[in-house]
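Comments concern the structure below.
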2 protein chains.
Amino acid sequence: MRERLPTISGVASRAGVSSATVSRVINRSGFVSAAARVAVLEAIDDLGYVPSAAARGLASRQAGMIGICLPDVGPGADLVEREVSDGAVLVQVDPEPDGAIAWGGIYFGEVLRGAEYAAWEAGLAITVAMTREPDLEARVLNMAGRVDGLVVVGETLSDDLLDHVARRVPIVVLAGPRAADRHDQVMVGNADGMERLVDHLIDDHGIETLAYVAGRSGAPDDDERFRGFCAALSRHGIEVPQSPRHRGDFSRHRAREIGRSLVEAARQGEALPRALVCCNDETALGLLDVLVAHGIRVPEDIVLTGFDGIDAARTSAPPITTVEQPMAELGRLAVERLTARIASPRRRPTVTQVPVTVMLRGSCGPHALTPLPPGGAVVRPHHE
Amino acid sequence: MRERLPTISGVASRAGVSSATVSRVINRSGFVSAAARVAVLEAIDDLGYVPSAAARGLASRQAGMIGICLPDVGPGADLVEREVSDGAVLVQVDPEPDGAIAWGGIYFGEVLRGAEYAAWEAGLAITVAMTREPDLEARVLNMAGRVDGLVVVGETLSDDLLDHVARRVPIVVLAGPRAADRHDQVMVGNADGMERLVDHLIDDHGIETLAYVAGRSGAPDDDERFRGFCAALSRHGIEVPQSPRHRGDFSRHRAREIGRSLVEAARQGEALPRALVCCNDETALGLLDVLVAHGIRVPEDIVLTGFDGIDAARTSAPPITTVEQPMAELGRLAVERLTARIASPRRRPTVTQVPVTVMLRGSCGPHALTPLPPGGAVVRPHHE
DNA sequence: TTGTAAGCGTTATCAT
DNA sequence: ATGATAACGCTTACAA
């Protein structure tokens, strides 16, 4: 067993004061003479004293920490199938990217960045967990036991587990389809954003044949985006499909397969739609690869749009018109809601919708709008 | 004050056993009759009991958590200068990207991903902090008080603070220039990777005039890469510059300025080097923008290389040849070292160098090597 | 301004 | 297999 670390009473006796005084110094609670303060500070330095958060948390009945639960998107092949390496530098021609994107694209990294910032602003520490089996439940409860509140992203936790956890700490659900009246929620304008995007294609580019390229079946985000797609069609008197024309799985890889089948269909003489509206940027990028490789020009022959706003969609040729989700803002807001909830536990649950931005780029054709300075924005009123 | 949460003794009395037995059930330590186990589990469920990590940590003298300190790269303008918004969808033409990349490009997100995974494997929770003023010291000590060990990225902490913290918990320094004999370290093959890359340019492409485009002055990563650059030149009998020919700051924005000055110089009749070897991918991308815009072709007129392996460097036109850093692996290894250290505190400090990969892409010209299947690799021996 | 002392909710030791 | 009970290191009335 490790040798004993210095404790508050060690500091106290070394400084010739009581532990209460040391506590006051540490917590800056005032009512300490300058002399005592200096003595304590010195003792702390001499001893290399660091207060135990466990003891503090136990005594004060608050952890000073919040948690964020992210869904498991897999650890990533890089972490699991590790090559044995002796430290040599490898030189290789870049293999084709497989579209297996870490952390759900830039998604979780960005959410986390916003969450961390908000936690920092509130003076709280933050702990993160990807919730994966085995032992999911035990680990989540463990996390719940060490925080003052929890942000749960999407459908990370089963209802049962969420309920159990919620009996101990406040929960904010982020971008997850939950009963709105049980927890605070922060949502993304999936449907609204997609609807505005399709409005743009129809109104400003005069496009009349559009096909939706969906993501994994049953994914709530995808459903909402498809709903927005349909809403725009419907409002413009364009026939609304029962279900998405193409079904991908959010990955670039699967999108390439869809792309190849499209090219094949076109070769058979089938007419392509004027625009492919994709569930996300990865899908659009995969299609772009294949279409361009087969001589189909974007946007001249076919228009392509994405959703998310990942960096790669901005640097592709052409860059992809998309709906940008403010991921960091999402994380920030979730934590802000959470701290508000911790402060006043009895308020009614809130639902916050974070606005998205339709980013017009080359893949949907030229447009007359001039680029805006950062921060500026053209607000397009609802058509109605 | 919040109503009392159920405690272990609540569970105990409800299950008709002692708290010790409940503890045994929770910790799966065995020596519990099936009947007792079931009774306890039921009581836990009824009460919605979640064990307090604070109390556990205090009693068991271990936090079950590790921390990771990241240097502050700024919260990002998006989080600070927030627009007031009523939830409307904005539609705008994409403004020119400003190159201010969150989390240091994909850098921290990836490191974190690897760190989280390793922590999860070890059964530990993980807490993250960007160390920023004000109150940096207090916050870091707070973190130190709640963990069993700390990963410190780069030059995040002052030596004094690091020393203080290290008196309480083991430290692993990640990609930071520290005295090797005080803490465990995990490093990136900055110099080696750059050297191999430049070898490739010289040996395989026959390039003889190369200029280094540096990052922020004094950045250790940049220094090491420049050192690798020089080593390769020197070994090939090419004149070695005293200092980098161009000085950027890692940002795409600043790289564009450098690009414009290069174009200007070329217009004045000055000869451009055959290759611009950049400190990082962002810099290469910024140069690419400007050069291409002015009719200078890459790689035909000038070769461009980066460092890091960010996604955008793969999707640019042409894609950028670069040295890929396995960020996630870096995070994973750091945490692995840390858990090893926690297990045996008295071993000698270790230094681990993570191998990098030179990724050959279009920006350095065509090459005869055929793409390798993922996982395969051509290992180039050291020239000597 | 300072000290005393009673918790805080577990774990771990020792009996039984 | 189970139960008592003493820590664990701090905060926080309360008293002085």
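Chain letters run A, B, ... following the sequence lines, proteins first and then strands; every chain starts at 1.
- Rounded to whole angstrom, the span from the CZ atom of B:R146 across to the C1' atom of D:dG9 amounts to 15 Å.
- With hydrogens and angles left out, the side-chain atoms of A:D184 and A:T350 include a donor and acceptor closer than 3.5 Å.
- Nearer the 5' end of DNA chain D, as judged by each residue's closest nucleotide, is the contact made by B:V32, out of B:V32 and A:V22.
- OP1 or OP2 of C:dG9 has not a single side-chain nitrogen or oxygen of B:S19 nearer than 4.0 Å.
- The CD1-P distance, from A:I8 to D:dC8, rounds to 15 Å in whole Å.
- Between the side chain of A:H164 and the main chain of A:E137, no donor-acceptor pair closer than 3.5 Å is present.
- Looking at A:S344, its side chain never comes within 3.5 Å of a backbone N or O of A:R347 through a donor-acceptor pair.
- Rounded to whole Å, atom C1' of D:dT12 lies 14 Å from atom CD1 of A:I26.
- Of the candidates C:dT2, C:dT11, D:dG3, D:dG3 carries the atom nearest the B:S18 side chain, counting heavy atoms from C-beta on.
- Annotation: of the two residues near DNA chain C, A:L58 and B:A20, the 5′-most nearest-nucleotide partner is A:L58.
- Toward the 5′ end of DNA chain C lies the nearest nucleotide of A:A55, the other residue of the pair B:N27 and A:A55 mapping further downstream.
- Contact annotation: A:S23 side-chain N/O to D:dC10 OP1/OP2 distance is not under 4.0 Å.
- Heavy atoms of A:A54 sit nowhere under 4.0 angstrom from any nucleic acid atom.
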* Asked: Checking salt bridge (charged side-chain N to carboxylate O under 4.0 Å, His left out) for the pair A:E110/A:R332: CA distance, chi angles, key distance, verdict?
  -> CA-CA 10 Å; A:E110 282 292 276; A:R332 193 191 65 76; over 6 Å; no
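- At a cut-off of 3.5 angstrom, the base of C:dG9 holds no donor-acceptor pair with the side chain of B:R4.
- Between the side chain of A:R61 and the base of C:dG7, no donor-acceptor pair of N or O atoms lies under 3.5 Å.
- The CZ-P distance, from A:R24 to D:dA13, rounds to 11 Å in whole Å.
- Distance CD (B:Q62) to P (D:dA7): 20 Å, rounded to an integer number of Å.
- A straight line from CZ of B:F31 to C1' of C:dT11 spans 16 Å, rounded to a whole angstrom.
- Closest contact between the side chain of B:S33 and the listed nucleotides D:dA1, C:dG9, D:dT11 involves D:dA1.
- A:A36 comes within contact range of the sugar-phosphate backbone alone, with a heavy-atom separation under 4.0 Å but no base atom that close.
- A salt bridge links A:D135 with B:R28: the closest approach of a Lys/Arg side-chain nitrogen to an acidic carboxylate oxygen falls below 4.0 angstrom.
- Minimum atom distance to the side chain of A:R56 is reached by D:dT11, of the listed D:dT2, D:dT11, C:dT11.
- Between A:G57 and B:R37, the residue anchored closer to the 5' end of DNA chain D is B:R37, taking for each the nucleotide with the nearest heavy atom.
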